[in-house]
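Have a look at the structure below before the remarks.
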Number of protein chains: 2
Amino acid sequence: MDDTKRTPAPKERNAAPLGPSVRKPGSALTITDVAEFAGVSKKTVSRVLNREPMKATTRAKVEAAIETLGFVPNAQARALAFRKNFVIVLFIHDSTSPMAMTFQRGVLSAIGDSELALAVRPVNRESPELLSEIETFLARQKPMGAIFLPPLSERDDIGEMCQRLNVKYVRVGSAQLDMMSRSVWSNDREAVMGAVRDIVALGHKRIGFVRGPKGFLSARERETGFRQALVAAGVTPDETLFADGRYTFDSGVAAGQALLSLPQPPSVIFASNDSMAAGVVRAAHEKGLRLPQELSIVGFDDGPVAVQLWPSLTTVHWPVIEMGVLAVHKLVPETLPAGEDPAALPSMVAPSLIRRESLDAPAR
Amino acid sequence: MDDTKRTPAPKERNAAPLGPSVRKPGSALTITDVAEFAGVSKKTVSRVLNREPMKATTRAKVEAAIETLGFVPNAQARALAFRKNFVIVLFIHDSTSPMAMTFQRGVLSAIGDSELALAVRPVNRESPELLSEIETFLARQKPMGAIFLPPLSERDDIGEMCQRLNVKYVRVGSAQLDMMSRSVWSNDREAVMGAVRDIVALGHKRIGFVRGPKGFLSARERETGFRQALVAAGVTPDETLFADGRYTFDSGVAAGQALLSLPQPPSVIFASNDSMAAGVVRAAHEKGLRLPQELSIVGFDDGPVAVQLWPSLTTVHWPVIEMGVLAVHKLVPETLPAGEDPAALPSMVAPSLIRRESLDAPAR
DNA sequence: ATTAAAATAGACACCGGTATCTTTTTTTGA
DNA sequence: TCAAAAAAAGATACCGGTGTCTATTTTAAT
């Protein structure tokens with residue numbers, strides 16, 4: 001054919017294949033450069049990159065060329081051709097949440113140094129455009145998978161949308177929210193039940209409880225577990241020993257003050273998360289109580305603050321990091337350690353009580 | 001041969017392979033579909049997407065088509081054609097670091113709901129392949145910009161590599177590390193000096209200091225500021241009042257115990273970060289000291305733990321979120337609020353002391 | 001009204017990979 | 001040994017956008 005002589009001025013660089021020695025800096029190298037260098041076709045280089053079966057000698061030749069030139073494939077071009085971006089998106093509701101940050105560590109550790117990338121995207125659960133925002137992001141990025149953290153994960157419509165868009169996803173929460181392959185959850189209810197059993201075993205009779213916000217599944221599950229454990233222990237829940245909280249430190253202080261001002265205050269207070277437990281610790285200190293002799297306090301999360309408090313906090317360890325790892329493995333089985341069975345991955349990780357200083361038997 | 005005989009039905013190209021009328025769900029729509037629908041060329045749609053100047057009626061026509069079809073452009077295709085991925089990469093050394101997590105919040109808030117995405121990439125500063133790992137990631141992703149957090153930011157060779165790869169970057173730290181347009185920093189030295197002035201003004205004479213790890217610029221700057229402030233106040237630094245720490249809670253406990261066991265203990269202890277300050281708080285509590293009457297404690301960071309401690313921690317607020325916002329604005333001026341001048345962006349954000357309960361005048 | 005200049009829209013190559021189909025090479029079988 | 005089958009490598013279209021240059025329309029000027 002002709003028409004190759006086209007425009008004289010621009011794009012001269014292709015006219016006479018790059019001219020001599022115009023080796024561009026950095027990694028402007030393409031698969032074509034590697035192919036020429038190795039004396040094979042583009043497709044052959046592509047085969048090497050994708051580890052397709054081929055003759056060993058050819059592979060070696062190409063790998064040598066890649067090594068020599070320092071070639072790094074362009075992720076966007078691959079993504080375009082694959083119609084999948086090698087990215088995992090982490091959708092979070094509140095970028096302040098320590099849980100989200102901890103979860104992210106799990107995700108990053110599972111990704112390791114694979115070619116996967118992590119994209120973090122905060123969205124507002126209250127926004128009326130929540131769904132379309134997520135849809136647009138997914139349509140634009142076409143990620144390998146999406147992870148929804150609480151409370152986003154509690155919405156079924158998000159899952160349905162992902163299926164419609166053909167995007168793999170995992171919903172993370174304090175109870176199973178979707179089919180196994182799309183769920184990662186901690187059994188908060190059981191964990192609280194176990195913790196309460198331990199507390200009761202120490203001899204505590206009056207156990208205060210600080211609720212989390214009603215809108216959070218974790219808060220509801222934890223309260224349910226607490227009540228079920230009491231019932232199982234033969235104790236009728238005393239509604240005056242329940243105080244509302246919003247998962248914040250301040251709300252924990254207020255709840256603690258309220259519970260400790262009761263005519264007959266509890267000998268131990270279970271707070272639905274560590275921030276509120278820290279608030280209760282403060283309320284107790286302000287009242288001059290000796291901890292844990294005069295008041296035991298138990299939290300939930302095992303966040304960074306738990307060990308830094310005085311006394312250090314007995315708390316339910318929420319296996320958030322493990323959940324992050326699990327979510328990635330479910331989305332991209334290739335991240336699994338070598339011939340492990342993706343189908344054998346669990347969905348649930350069990351939280352468990354960590355005993356520290358803030359819990360002891362009640363005073364005589 | 002001409003291919004102008006315009007296919008009647010769109011996507012004729014799929015007719016053979018995919019069967020007829022297989023209108024795929026979701027956003028398998030392309031710019032070509034929009035162009036056909038609007039009766040214009042691909043390029044015209046592209047112009048609308050990129051907000052290039054054009055006739056209002058044409059623009060309206062195309063925008064209507066986009067709206068009607070629910071078209072979302074493919075980020076990978078754009079990135080490939082642009083040779084730039086609409087992504088900002090945040091390189092962090094230690095995914096555990098609370099500072100990194102807080103910084104990330106600033107980055108996310110600056111990104112807002114623009115089409116930018118945030119990718120987080122942990123790398124190990126100790127790894128001998130650190131540089132090549134970063135280079136490979138940048139070559140693969142071709143991001144709009146890269147942000148290096150401490151202690152990665154302290155390496156000059158990383159900056160040089162980015163320039164070689166033609167990647168915009170910002171180095172974040174506790175002192176200016178690069179030219180203004182590539183730096184975001186907090187003046188930790190000045191901030192500590194100011195804090196010490198306040199402490200001295202309260203009447204404190206013996207001020208203990210808990211160092212951070214020598215390998216961190218922030219630790220060195222904070223100590224330098226501390227010493228300079230003492231000298232400025234006419235006090236000769238007493239080396240026995242310095243204790244080593246590693247920015248961890250445990251090291252803070254140990255340092256606190258050491259300082260409080262001195263024959264003549266300090267009346268106030270300045271810890272180089274909040275975690276260590278929390279450790280000092282614990283050491284003081286263990287010794288039965290009343291805070292702040294018998295010992296004042298001051299930290300640095302103003303992290304989440306500061307308000308949750310008892311007593312709440314007086315600490316230097318480290319404006320990490322603001323630094324995150326600033327870094328994004330520097331990398332992508334388009335994220336600035338509307339006609340603000342990118343050149344007018346500051347590089348430095350000043351930390352300042354937040355007075356809380358843990359600091360008071362020394363006892364008589 | 002006519003033409004030159006400016007503004008706008010279109011045609012087509014191209015970004016850097018992968019998929020499909022074809023050609024070439026190697027292996028196998030008689 | 002030679003043809004047939006299998007394996008390997010190559011040629012080319014294509015993913016979904018943007019850049020460049022050309023064609024067309026609109027505006028301005030005479």
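Below, chain A is the first sequence line, B the second, and so on; all start at residue 1.
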If only side-chain N and O atoms of [X] are considered, is one of them under 4.0 Å from the OP1 or OP2 phosphate oxygen of [N]?
X: A:N74; N: C:dC15; value: no
X: B:R78; N: D:dG16; value: no
X: B:T44; N: C:dA9; value: no
X: A:S41; N: D:dG10; value: yes

Given 3.5 Å as the limit, does a donor-acceptor pair link the side chain of [X] with the main chain of [Y], or not?
X: A:K330; Y: A:S183; answer: yes
X: B:K142; Y: B:N85; answer: no
X: A:R83; Y: A:A81; answer: yes
X: A:H93; Y: A:R125; answer: yes

Inset, instruction - Please evaluate the base of D:dG10 for a donor-acceptor partner in the side chain of A:K42 within a cut-off of under 3.5 Å? - result: no
Legend entry - Result of checking A:V123, A:N124, A:L138 against A:E133 for side-chain contact (heavy atoms from CB on, under 4.5 Å):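 Of all the options given, the one that passes is A:V123.
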Can you tell me the distance, in whole Å, between the [atom1] atom of [X] and the [atom2] atom of [N]?
X: A:E36; N: C:dG17; atom1: CD; atom2: P; value: 13 Å
X: B:R83; N: D:dG16; atom1: CZ; atom2: P; value: 19 Å
X: B:M54; N: D:dT25; atom1: CE; atom2: C1'; value: 14 Å
X: A:K142; N: D:dG16; atom1: NZ; atom2: P; value: 8 Å
X: A:L80; N: D:dG16; atom1: CG; atom2: P; value: 7 Å
X: A:D33; N: C:dG17; atom1: CG; atom2: C1'; value: 13 Å
X: B:L29; N: D:dG17; atom1: CG; atom2: P; value: 9 Å
X: B:E52; N: C:dG10; atom1: CD; atom2: P; value: 13 Å

So do the side chains of [X] and [Y] get within less than 4.5 Å of each other, counting heavy atoms only?
X: A:Q104; Y: A:L108; value: yes
X: A:R140; Y: B:Q76; value: no
X: B:D178; Y: B:F148; value: no
X: B:R105; Y: B:M101; value: no

Inset, instruction - Using five pairs at either end of the helix from C:dA1-D:dT30 to C:dA30-D:dT1, determine the angle between the two local helix axes and round it to 10 degrees. - result: 30°
Legend entry - Sorted by number, the residues of residues 111-119 of chain B with heavy-atom contact under 4.0 Å to DNA chain D: none
Inset, instruction - Pick base, sugar-phosphate or nothing for B:V45, based on heavy-atom distances below 4.0 Å to the nucleic acid. - result: nothing
Legend entry - Where protein sits on nucleotides 20-27 of chain C, one letter per nucleotide: B base, S sugar-phosphate only, - none, heavy atoms under 4.0 Å: B-------
Inset, instruction - Fit a plane to each ring of A:F91 and A:F137, take the angle between them on a 0 to 90° scale, and name the class: parallel (under 30°), tilted (30 to 60°) or perpendicular (over 60°). - result: perpendicular
Inset, instruction - To the nearest 0.5 Å, tell me how far A:L49 CG sits from A:I66 CD1. - result: 4.5 Å
Legend entry - A:D156/A:R171 under salt bridge (Lys or Arg N to Asp or Glu O under 4.0 Å): CA gap, chis, key distance, verdict: CA-CA 10 Å; A:D156 288 327; A:R171 292 162 71 184; 2.8 Å; yes
Legend entry - Residue closer to the 5' end of DNA chain C, B:V40 versus A:L49 (nearest nucleotide): B:V40
